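Everything numeric here is computed off the predicted structure, so don't read it as measured data.
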Amino acid sequence: MSARHPIISITGSSGAGTTSVKRIFEQIFRRERVEAAYIEGDAFHRYNRADMAAKVAEEQRLGNPNFTHFHADANELERLEAVFAQFGETGTGQTRTYIHDEAEATQHNMAAGNFTPWVDFDPCDVLFYEGLHGCVVTDTVNVARHADLKIGVVPVINLEWIQKIHRDRATRGYSAEAVMDTILRRMPDYVRFITPQFSLTDINFQRVPIVDTSNPFVARWIPTPDESMLVIRFANPRGIDFPYLLSMVPQSFMSRPNSIVMPGNKLDLAMQLILTPLILQLIERKKRLM
């Protein structure tokens, strides 16, 4: 953690909705005139698409059918931690972009499935990470200790699967069966490397459908925010003005002393109300030390 150079880390699985949350942060940054440097978790994958396919095939031959991008060994987590540590100390660092599709390939003039070169951050107020491993802790790395504000985006598992199936079919051309195979392969690594992070976050935002999602693999539609509730858990509720939040968001209520429940369509409002003061606190603390 660093008062001079704060780091905000958004952690969530593929299909969890972290990209939508990133857009809300971007709105806050623009409104409050906060300059942010952005890191995508995919930038720290260890292998490009072709090499990852070869690595997965190799692991399968060795008797491991479950090697995925969730696994620590599939990512350069030591380098990610080093970037967090460097930024915390100096406000500098590097990142790159993983090219997912043809639109990004055209933008970067490179083939999809590859990485752009590493580039330095522009001068900024905060570092913003969004991806799979923003709060990961293993035997060799501890990324979580470097972040000043840690946010988990955690839909209930069936909703997460529905969102992933629909996204991968619509934007990446995968079949439902292919996405299902990916989900099954990822499950051991999901349990080992993803879920433990949500015990280390400062705040978790979890969307819970109030419609039937019993079989996510045949769901024709993603439950809408209007068909969901939002559970927000604070690791440390001290200093959170719950009466104010309850008054600002109709139909909200406390389910536990550290948890508030809101209608699902109030995610944007909830994040604006909760996160704006926390971001401004980081910036004020930074300014006092400059």
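Here the straight-line distance linking atom CD1 of Ile222 with atom CD1 of Ile165 works out to 9.5 Å at 0.5 Å rounding. Here the CD1-CG distance, from Ile203 to Leu275, works out to 5.5 Å after rounding to the nearest 0.5 Å. Here the straight-line distance linking atom CZ of Phe198 with atom OG of Ser13 works out to 7.0 Å at 0.5 Å rounding. Summarising the geometry, atom CZ belonging to Arg79 is positioned 9.0 Å from atom OG1 belonging to Thr95; distances are rounded to the nearest 0.5 Å. In this structure, Glu35 CD and Ile283 CD1 are separated by 10.0 Å, a value rounded to the nearest 0.5 Å. Remark: Ser252 OG to Leu230 CG distance equals 10.5 Å, nearest 0.5 Å.
Taking the six-membered ring for Trp and the full ring otherwise, the centers of Phe44 and Tyr129 sit at least 6.0 Å from each other.
Proximity of Arg145 to Glu81: side-chain heavy atoms (C-beta onward) are separated by under 4.5 Å at one or more points. In this structure the side chain of His100 reaches within 4.5 angstrom of the side chain of Asp42, judged on heavy atoms. The shortest distance between side-chain heavy atoms of Asp125 and Phe29 does not fall below 4.5 Å. Proximity of Met262 to Ile232: side-chain heavy atoms (C-beta onward) are separated by under 4.5 Å at one or more points. The side-chain heavy atoms of Asp120 and Thr92, taken from C-beta on, include no pair separated by under 4.5 Å. Within the 4.5 Å cutoff, side-chain heavy atoms of Leu282 are placed close to those of Leu149. Looking at Ile39 and Phe128, their side chains never come closer than 4.5 Å, going by heavy atoms from C-beta outward. In this structure, Ile162 and Phe217 have side chains that are not in contact, with every pair of non-hydrogen atoms separated by 4.5 Å or more.
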- request: Apply the test side-chain contact (heavy atoms from CB on, under 4.5 Å) to residues Leu269 and Val249: give CA-CA distance (whole Å), side-chain angles for both, the deciding distance (0.1 Å), then the verdict.
  value: CA-CA 8 Å; Leu269 175 60; Val249 184; 4.0 Å; yes
message: Under the criterion ring pair (Phe, Tyr, Trp, His ring centres under 6.0 Å), I'd like the reasoning laid out for Tyr47 against Tyr98: C-alpha separation, chi angles, the key distance, then a yes or no.
response: CA-CA 10 Å; Tyr47 307 103; Tyr98 177 77; over 10 Å; no
message: As a quick check of understanding, evaluate side-chain contact (heavy atoms from CB on, under 4.5 Å) for Ile274 and Met271, giving each step before the final call.
response: CA-CA 5 Å; Ile274 294 167; Met271 296 195 82; over 6 Å; no
- request: Give the intermediate values and the outcome of side-chain contact (heavy atoms from CB on, under 4.5 Å) for residues Asn114 and Arg49.
  value: CA-CA 7 Å; Asn114 290 291; Arg49 187 171 296 167; over 6 Å; no
message: Would Phe193 and His71 count as a ring pair (Phe, Tyr, Trp, His ring centres under 6.0 Å) here? Give the steps.
response: CA-CA 7 Å; Phe193 297 104; His71 198 287; 4.7 Å; yes
- prompt: Can you list the steps and then say if Gln27 with Gln272 is a side-chain hydrogen bond (donor to acceptor under 3.5 Å, both in side chains)?
  reply: CA-CA 9 Å; Gln27 293 171 8; Gln272 298 277 353; 3.2 Å; yes
message: Let's go through Arg185 and Gln60 carefully: what are the C-alpha distance in whole Å and the side-chain angles of both, what is the deciding distance for side-chain hydrogen bond (donor to acceptor under 3.5 Å, both in side chains) to 0.1 Å, and is it a yes or a no?
response: CA-CA 11 Å; Arg185 282 196 302 107; Gln60 288 176 334; over 6 Å; no
message: With side-chain contact (heavy atoms from CB on, under 4.5 Å) as the criterion, how do Ile10 and Val21 come out once you've worked through the C-alpha distance, each side chain's angles and the decisive distance to 0.1 Å?
response: CA-CA 8 Å; Ile10 310 299; Val21 171; 4.2 Å; yes
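By the 4.5 Å side-chain criterion applied to Ile, Leu, Val, Met, Phe, Trp and Tyr, Leu280 is assigned to no cluster and stands alone. Grouped by direct or indirect side-chain proximity (heavy atoms under 4.5 Å, Ile/Leu/Val/Met/Phe/Trp/Tyr only), Val137 sits with Leu200.
A distance-only check finds no donor-acceptor pair linking the side chain of Arg186 to the backbone of Thr68 [under 3.5 Å]. With hydrogens and angles disregarded, no donor-acceptor distance shorter than 3.5 Å links the side chain of Glu227 to the backbone of Pro209. A side-chain donor-acceptor contact under 3.5 Å links Thr138 to the backbone of Thr140. Side-chain atoms of Asn258 come within 3.5 Å of backbone N or O of Phe234 as a donor-acceptor pair. Checked by atom type and distance alone, the side chain of Glu89 never pairs as donor or acceptor with a backbone atom of Phe84 at under 3.5 Å. Using a distance-only test at 3.5 Å, with no hydrogens or angles considered, a donor-acceptor pair links the side chain of Lys286 to the main chain of Arg4. Using a distance-only test at 3.5 Å, with no hydrogens or angles considered, no donor-acceptor pair links the side chain of Thr213 to the main chain of Pro216. Here the side chain of Ser259 pairs no donor or acceptor atom with the backbone of Ser255 at under 3.5 angstrom. Remark: side-chain polar atoms of His133 are not paired, donor with acceptor, to backbone N or O of Asn75 under 3.5 angstrom.
Scored by the side chain to side chain contact (heavy atoms under 4.5 Å, CB included) test, Arg96 finds Ala43, Glu76, Phe115, Thr116, Trp118 as partners (sequence neighbours excluded). Scored by the ring pair (Phe, Tyr, Trp, His ring centres under 6.0 Å) test, His69 finds His45 as partners (sequence neighbours excluded).
By the 6.0 Å contact criterion, CG on Asp226 is enclosed, its count of non-hydrogen atoms from other residues, nucleotides or ligands being greater than 12. In Arg33, the CZ atom is not crowded: 12 or fewer heavy atoms of neighbouring residues, nucleotides or ligands sit closer than 6.0 Å.
Put simply, Leu132 and Met52 are part of two different groups of oily side chains (I, L, V, M, F, W, Y) that touch within less than 4.5 Å, one to the next. In terms of hydrophobic clustering, with Ile, Leu, Val, Met, Phe, Trp and Tyr side chains grouped at heavy-atom distances under 4.5 Å, Phe25 and Leu273 are assigned to a common cluster. Under the 4.5 Å side-chain heavy-atom criterion for grouping Ile, Leu, Val, Met, Phe, Trp and Tyr, Val191 is connected to Val154 within one hydrophobic cluster. The same ILVMFWY cluster, assembled from side-chain heavy atoms under 4.5 Å apart, contains both Leu80 and Ile7. Hydrophobic clustering (ILVMFWY, side-chain heavy atoms < 4.5 Å, transitive): Val179 and Leu184 are in one cluster.
In this pair, Phe121 and Phe87 present their aromatic rings perpendicular. The plane angle is above 60°, beyond the 30 to 60° band.
Salt-bridge formation is detected for the pair Asp148/Arg285: a Lys NZ or Arg NE/NH1/NH2 atom is positioned less than 4.0 Å from an Asp or Glu carboxylate oxygen. The pair Glu59-Lys55 meets the salt-bridge criterion, since a charged nitrogen lies less than 4.0 angstrom from a carboxylate oxygen.
Minimum heavy-atom separation, Lys150 to Ala144: CD-O, 3.6 Å.
Applying the side chain to side chain donor-acceptor pair (under 3.5 Å) test to every pair with at least one member in residues 231-249, sequence neighbours left out, gives these pairs: Thr201-Arg233. The list of salt bridge (charged side-chain N to carboxylate O under 4.0 Å, His left out) pairs with a residue in residues 251-267, not counting sequence neighbours, is empty.
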